[in-house]
Student: 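First, the structure itself, so that you have it in front of you.
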Amino acid sequence: MAERVLARMSEQVVQERAAAAPVTASVAGQTVRMVPECAPGVEESALPPEYQPILAVVTRVGGPVMTRQVGETLCRVLT
């Protein structure tokens, strides 16, 4: 009985890890990380960790933002 329980729990862990793993795709021969669609109920935490600071910068500005502004702000924040 214990072996069956352990086997079932192991399967669940594998499935949960697969579901939590970042979704990737191949673009021009390179593997890229897919970003989840923006929809009601989707939290910022659904973004890959490296994208979250970018969203924070854009949110803080509160309007249109240029890529250069994001880059300069990230350089100041991350260094």
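Residues take their numbers from the sequence shown, with the count starting at 1.
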Student: Which pairs count as side chain to side chain donor-acceptor pair (under 3.5 Å) when at least one residue sits in residues 54-72, sequence neighbours excluded?
Tutor: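 Passing the test, one end in residues 54-72: Arg68-Glu72.
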
Student: Who else is in Met66's hydrophobic cluster (ILVMFWY, side-chain heavy atoms under 4.5 Å, direct or via others)?
Tutor: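 Members besides Met66: none; it forms no cluster.
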
Student: Donor-acceptor pairs under 3.5 Å, side chain of residues 38-48 to any protein atom, not counting sequence neighbours: which ones?
Tutor:
none

Student: Which of these passes side-chain contact (heavy atoms from CB on, under 4.5 Å) with Val70: Leu55, Val65, Val61?
Tutor: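 Going through the options one by one, the only one that passes is Val65.
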
